[in-house]
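Everything numeric in this text was worked out from a predicted model, so none of it was measured. For ligands, and for the atoms within them, numbers begin at 1 and follow the listed sequence.
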Amino acid sequence: MAPTTGSHACQTRSASTIKQAIMNPSSRPGSSPVSGKAAVDSTAAGSGIGADQAAASACAWQPSIAAAGPGPRRPSRAVDIAGVRVGGCAPVVVQSMTNTDTADIAGSARQVAELWRAGSELVRLTVNTAQAAAAVPRIRERLDMMGVSVPLVGDFHYNGHQLLSAEPACARALAKYRINPGNVGFGHKRDHQFATIIELAIEHGKAVRIGANWGSLDQALAARLMDENAASAQPREAAAVLRDALIRSALESAQRAEALGLARERIVLSCKVSGVQELIAVYRDLAARSDHALHLGLTEAGMGSKGVVASAAALAVLMQEGIGDTIRISLTPRPGQSRSDEVVVAQELLQTLGLRSFTPMVTACPGCGRTTSSFFQELAEQVTGHVRQKMPEWKLRHPGVENLSLAVMGCVVNGPGESRHADIGISLPGTGEAPAAPVFIDGKKAMTLRGENIAGEFLQVIDQYIAQRYR
Ligand code: SF4
């Protein structure tokens with residue numbers, strides 16, 4: 001399934017401009033050109049003011065009034081992954097990964113289908129054993145029979161060269177191979193094993209993601225760079241050297257792949273770390289040093305709200321700066337939690353940033369002491385659930401419906417105003433207000449709902465509006 005929408009065309013912001021922004025932090029809003037501690041020390045000295053106040057007065061924040069919306073996208077090479085375009089300023093693509101045993105053909109096919117139905121445009125599977133490699137073409141067949149067209153990506157570590165060589169059907173069934181330069185091979189075997197995978201990708205016409213990872217950093221490269229740094233006249237901080245090692249691991253592997261004959265238009269890069277600020281720093285640097293398509297993700301983001309918040313914080317900053325062509329939200333599911341939640345979070349992140357539209361957005365107030373019952377919360381939940389449940393059908397029958405905006409508000413304070421900003425909004429009665437719920441359509445009050453079936457009638461209003469507007 002190819003991405004269908006995207007609002008931000010590629011605009012040239014050269015690598016040197018991005019790099020300048022990194023090297024000169026004072027050019028970024030909210031950043032200080034002054035070394036934090038030095039500024040605090042010099043300001044506080046002799047003044048009698050506390051360190052916090054000194055830090056505050058040392059801030060060099062300047063107001064910045066800019067148009068709302070993400071910045072121009074970083075230009076990158078377009079990579080075609082079995083019909084899904086990544087990079088080249090195509091809409092940012094949503095990816096996910098199964099957590100089934102790939103050798104379990106039925107279970108893996110079922111989960112891939114679930115992820116695809118949730119909106120995943122590429123799905124990655126672990127390919128770690130001969131059984132898993134043998135299962136991949138059979139998973140592909142099952143998916144094709146189910147009408148699930150999502151391209152599959154094989155995740156290889158250590159033995160990818162053997163598995164892809166031994167199972168040509170697996171090599172053909174996958175649309176992309178993901179390899180990690182930190183564990184594609186060690187010592188003298190490394191170059192041969194890497195070359196084997198690249199040659200198979202060329203032979204089968206497949207794309208490759210070269211995905212470096214903080215947790216499996218190329219140790220030989222890291223050691224070499226640390227030694228060079230120690231011997232230099234102005235050594236950098238170790239963290240900066242290791243970030244550089246991660247980036248160079250990806251870039252040097254990409255150069256090697258290109259030297260072997262793999263076109264740059266078949267290569268996607270990623271450099272994943274688990275810290276938000278580290279990830280932002282790494283990708284700003286990587287983006288400035290290459291024009292490869294980039295896959296973004298905060299690795300090992302964690303569970304629940306922590307994983308969602310950390311991923312959103314890191315990826316939002318980067319995508320706001322135009323960096324990133326495809327994303328994955330690496331959530332640790334709670335026992336029993338749907339794997340598809342990571343797809344929902346990725347879509348909501350892209351939609352709230354204004355980069356893509358997937359499903360009508362429901363604005364709801366948080367509620368407060370002015371709402372006396374849970375009815376308002378229940379209605380917000382019902383509307384959100386109705387939208388998610390109907391979306392597969394709406395998507396086929398009502399193109400453009402993903403841009404619809406809905407509002408469910410708890411009382412008269414902000415209710416009518418927020419409802420008027422939405423395509424359809426309802427303002428429920430708060431404490432002491434008349435038991436009536438005005439409904440606003442296209443900014444005008446259209447009706448007032450009363451009685452026991454406000455929720456059902458409001459859902460009908462939504463359905464009728466969609467049927468009329470998105471034909
Ligand atoms: S709209 Fe009303 S109920 Fe909702 S948060 Fe504001 S004051 Fe509270």
Pairing donors with acceptors under 3.5 angstrom, does anything connect the side chains of N180 and S216?
yes
Under a 3.5 Å threshold, yes or no: a donor from one side chain and an acceptor from the other, between E378 and S374?
yes
Under 2.8 Å from atom 2 (Fe) of ligand 1, which protein N, O or S atoms are there? Could you list them by chain and number?
C411 SG
Got a second to check how far L315's CG is from L296's CG, nearest 0.5 Å?
5.0 Å
Going by side chain to side chain contact (heavy atoms under 4.5 Å, CB included), T359 matches just one of E348, E402, K395, Q351. Which one?
Q351
Is it true that a side-chain atom of S290 and a backbone atom of H292 form a donor plus acceptor pair closer than 3.5 Å?
yes
Nearest atoms (heavy-atom pairs only) where E418 meets A407:
O-CB, 4.1 Å
